[in-house]
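To keep things clear, I will list the structure first and then write my remarks on it.
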Amino acid sequence: MSALFIAHEADVLPGYLGEAAERRGIAVDMCDLWDGATLPEPGTHDLIVPLGSAEAAYDDAVPWLATELDLLRDAAAVDVPIFGVCFGAQALARALGGTVTRASTPEIGWYEIETEDPEIIAPGPWLEWHFDTLLPPPGAGILARSAAGVQAWRRDRQLCVQFHPEVTPDILDLWIATSGDELVDRGIDVERLRRQTTQLAPHARAAAHRLFDRVLDELGVHPPR
């Protein structure tokens, strides 16, 4: 079995979710859209995982966005399971008729969330790093919320989260390297965020693996034992 992880920048990596996939015997195939990679046909993988991005899912000037929206729409139409993460959750929502807008309150850091089904979406803490928010597409159910908006949604064989279960301390360091000044301007204590991420790493890794297992179950993806 294989999962297609869609990356939108060089520092967007599968992290803990890639570990979780490989632990279940699912090969991780990366599609680096930022580097000019071509998206495959939707039926070539057992699971599609569009990851985060510094871009906005409502910005039609992003050169690869239309192609990705088409892929996600086509994959949903032929019942390919999709697990969207942050930007990936927003892009899929938009592709299927939902909306994405600028958040009134960005979330950056470790947050608890309000979950409707803690067996699928645990209350956290989860790492948040987003400036936009979404409304799910028609027919979707909301699984979790925060003060900033929807944190998880589900429809058919699509399940999406606004937070970042994949982020390791090393990935966080990459993001800080490119966005540190902006974080400081927003009043974020960068060193505290680093310390929290390191301290919470064992919890975050276990939570990401558990979430990935739940997603596989919910979407009907059954890796070989």
Side-chain angles (χ1 to χ4, degrees), residues 5-21 23 28 49-57 83-93 100 102-115 117-118 120-134 142-153 159-215:
F5 281 73
I6 303 174
H8 308 101
E9 283 95 30
D11 58 3
V12 172
L13 302 167
Y16 294 135
L17 294 180
E19 287 182 7
R23 179 180 59 84
V28 172
V49 187
L51 294 168
S53 176
E55 305 291 354
F83 176 33
V85 176
C86 198
F87 173 91
Q90 297 166 3
L92 182 59
V100 184
R102 196 69 170 172
S104 58
T105 305
E107 291 179 315
I108 300 173
W110 290 90
Y111 289 77
E112 298 277 345
I113 60 176
E114 300 175 13
T115 175
D117 192 337
I120 302 174
I121 308 294
W126 297 104
L127 181 73
E128 305 275 4
W129 190 306
H130 66 101
F131 301 93
D132 297 328
T133 189
L134 66 87
I142 296 174
L143 298 177
R145 298 175 174 83
S146 74
V150 174
Q151 286 291 329
W153 63 271
L159 197 155
C160 295
V161 297
Q162 180 62 72
F163 51 86
H164 284 280
E166 82 281 11
V167 171
T168 67
D170 287 343
I171 292 174
L172 182 81
D173 282 343
L174 293 174
W175 291 5
I176 289 174
T178 58
S179 304
D181 290 343
E182 182 180 7
L183 298 185
V184 171
D185 291 344
R186 290 180 175 273
I188 304 296
D189 186 333
V190 173
E191 291 309 314
R192 181 172 180 270
L193 179 57
R194 277 200 175 101
R195 287 195 303 272
Q196 285 181 305
T197 303
T198 299
Q199 292 166 358
L200 288 168
H203 158 83
R205 182 174 186 267
H209 283 227
R210 187 165 53 249
L211 173 62
F212 191 80
D213 286 345
R214 296 292 186 272
V215 169

Taking all atoms of both residues into account, what is the closest heavy-atom pair of [X] and [Y], and its distance?
X: Leu174; Y: Leu13; value: CD1-CD1, 4.0 Å
X: Gln162; Y: Cys86; value: NE2-SG, 3.1 Å
X: Pro106; Y: Arg186; value: CG-NH1, 3.6 Å
X: Leu211; Y: Val161; value: CD2-CG1, 4.5 Å
X: Pro14; Y: Val28; value: CG-CG1, 4.4 Å
X: Glu107; Y: Ala148; value: CD-CB, 3.4 Å

Salt bridge present between Asp117 and Arg214 (N-O < 4.0 angstrom): no
Is the shortest side-chain heavy-atom distance between [X] and [Y] below 4.5 Å?
X: Pro165; Y: Val85; result: yes
X: Asp11; Y: Ile171; result: no
X: Leu127; Y: Phe163; result: no
X: Phe83; Y: Leu51; result: no
X: Leu134; Y: Phe87; result: no
X: Thr133; Y: Val100; result: no
X: Leu159; Y: Ile121; result: yes
X: Glu114; Y: Ser146; result: no

Under a 3.5 Å distance rule, please check whether [X] uses its side chain to pair with a backbone N or O of [Y] as donor and acceptor.
X: Trp126; Y: Ile113; result: no
X: His164; Y: Glu166; result: no
X: His8; Y: Gly52; result: yes
X: Thr178; Y: Trp175; result: yes

With side chain to side chain contact (heavy atoms under 4.5 Å, CB included) as the criterion, how do Trp129 and Leu172 come out once you've worked through the C-alpha distance, each side chain's angles and the decisive distance to 0.1 Å? CA-CA 10 Å; Trp129 190 306; Leu172 182 81; 3.8 Å; yes
Could you work out, with salt bridge (Lys or Arg N to Asp or Glu O under 4.0 Å) as the rule, every residue matching Arg195, not counting sequence neighbours? none
Please tell me whether Glu128 and Gln151 have a donor and an acceptor in their side chains that are separated by less than 3.5 angstrom. yes
The reported gap from CZ in Arg23 to NE2 in His209 (rounded to nearest 0.5 angstrom) is 6.0 Å
Gap between atom CG of Asp132 and atom OG of Ser53 - 0.5 Å precision: 10.0 Å
Do the ring centers of His203 and Trp110 come within less than 6.0 Å of each other? no
As a quick check of understanding, evaluate salt bridge (Lys or Arg N to Asp or Glu O under 4.0 Å) for Arg194 and Asp189, giving each step before the final call. CA-CA 9 Å; Arg194 277 200 175 101; Asp189 186 333; over 6 Å; no
Take Val167 and Tyr16 through the test side chain to side chain contact (heavy atoms under 4.5 Å, CB included) and record every step on the way to the result. CA-CA 7 Å; Val167 171; Tyr16 294 135; 6.0 Å; no
Tell me if the CZ atom of Arg192 is crowded by more than 12 foreign heavy atoms within 6.0 Å. no
